[in-house]
Amino acid sequence: MTREQMLRKVFEETDQDKSGYISLDEHKNLLTRRDDPIANAVLQESFEMSDKGGWFGRKDGQLSMHEFVEFNLDVGKRLSDEEFRIQASQWMRLATERHCAATPTEYTAPAPIPPTAPTAPT
């Protein structure tokens with residue numbers, strides 16, 4: 001599974017209302033400790049950096065899949081493939097747990113993100 005595919009799965013799970021966008025509240029579900037003010041401030045800043053305005057519009061206060069994936073691919077460049085997979089898996093677990101808590105009936109959790117085979121350097 002590619003990094004982009006992992007992030008798309010995380011986005012889909014985080015988008016609890018299936019609007020095609022992630023709100024700041026939905027994005028907070030990716031925090032390990034939602035009660036940590038420093039983590040919340042960092043998350044808010046990353047959310048604002050991810051939210052891009054259009055050619056003729058302002059930032060809209062929500063993240064599209066493209067914005068979420070693009071930002072996290074860029075930030076994740078410094079991580080090895082294994083570190084990236086671990087981070088994406090943790091986000092998926094948090095989003096899934098919190099999604100289940102928000103909608104306890106008729107919910108089937110997605111499969112975990114599988115490990116990727118090491119790639120040879122090019």
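All values derive from a computational prediction rather than experimental measurement. Reckoned from all heavy atoms, side chains included, excluding hydrogens, waters and symmetry mates.
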Exercise for the section: Any ring-ring contact (aromatic ring centres under 6.0 Å, His included) involving residues 7-31? Give me the pairs, sequence neighbours left out, ordered by first then second residue. Expected result: F11-F68, H27-F47
Handout entry: E12 and R8 ion-paired at < 4.0 Å
Key = no
Practice task
Scan for salt bridge (charged side-chain N to carboxylate O under 4.0 Å, His left out) pairs involving residues 28-38, sequence neighbours excluded, and state none if there are none.
Solution key: R33-D35
Looking only at atom types and distance, does a side-chain atom of [X] sit under 3.5 Å from a main-chain N or O of [Y], one as donor and one as acceptor?
X: E45; Y: V42; value: no
X: R3; Y: R85; value: no
X: D51; Y: K59; value: no
X: D15; Y: G20; value: yes

Please report the interatomic distance [atom1]([X]) to [atom2]([Y]), rounded to the nearest 0.5 Å.
X: M6; Y: I86; atom1: CE; atom2: CD1; value: 10.5 Å
X: K77; Y: F84; atom1: NZ; atom2: CZ; value: 11.5 Å
X: E4; Y: N72; atom1: CD; atom2: CG; value: 11.5 Å
X: L94; Y: L30; atom1: CG; atom2: CG; value: 7.0 Å

Fill in the blank from the handout: Heavy atoms of L24 and L43 approach each other most closely as CD1-CD2, 4.0 Å
Handout entry: Over all atoms of both residues, closest heavy-atom pair of V10 and A88
Key = CG2-O, 3.5 Å
Exercise for the section: Assess the side chains of D25 and S23: does a donor N or O sit below 3.5 Å from an acceptor N or O? Expected result: no
Practice task
Tell me whether I22 is reachable from M49 by hopping between hydrophobic residues (I, L, V, M, F, W, Y) whose side-chain heavy atoms are closer than 4.5 Å.
Solution key: no
Is there a side-chain contact between [X] and [Y] (heavy atoms, below 4.5 Å)?
X: T2; Y: Q5; answer: yes
X: N29; Y: Q16; answer: yes
X: T96; Y: M92; answer: yes

Handout entry: ring pair (Phe, Tyr, Trp, His ring centres under 6.0 Å) partners for F71, two or more places apart
Key = none
Practice task
Please name all residues satisfying side chain to side chain contact (heavy atoms under 4.5 Å, CB included) with Q87, sequence neighbours left out, ordered by chain then number.
Solution key: Q90, W91
Exercise for the section: Not counting sequence neighbours, which residues clear salt bridge (charged side-chain N to carboxylate O under 4.0 Å, His left out) with E70? List them please. Expected result: none
Exercise for the section: Please list, chain by chain and in numerical order, all residues satisfying salt bridge (charged side-chain N to carboxylate O under 4.0 Å, His left out) with K18, sequence neighbours excluded. Expected result: none
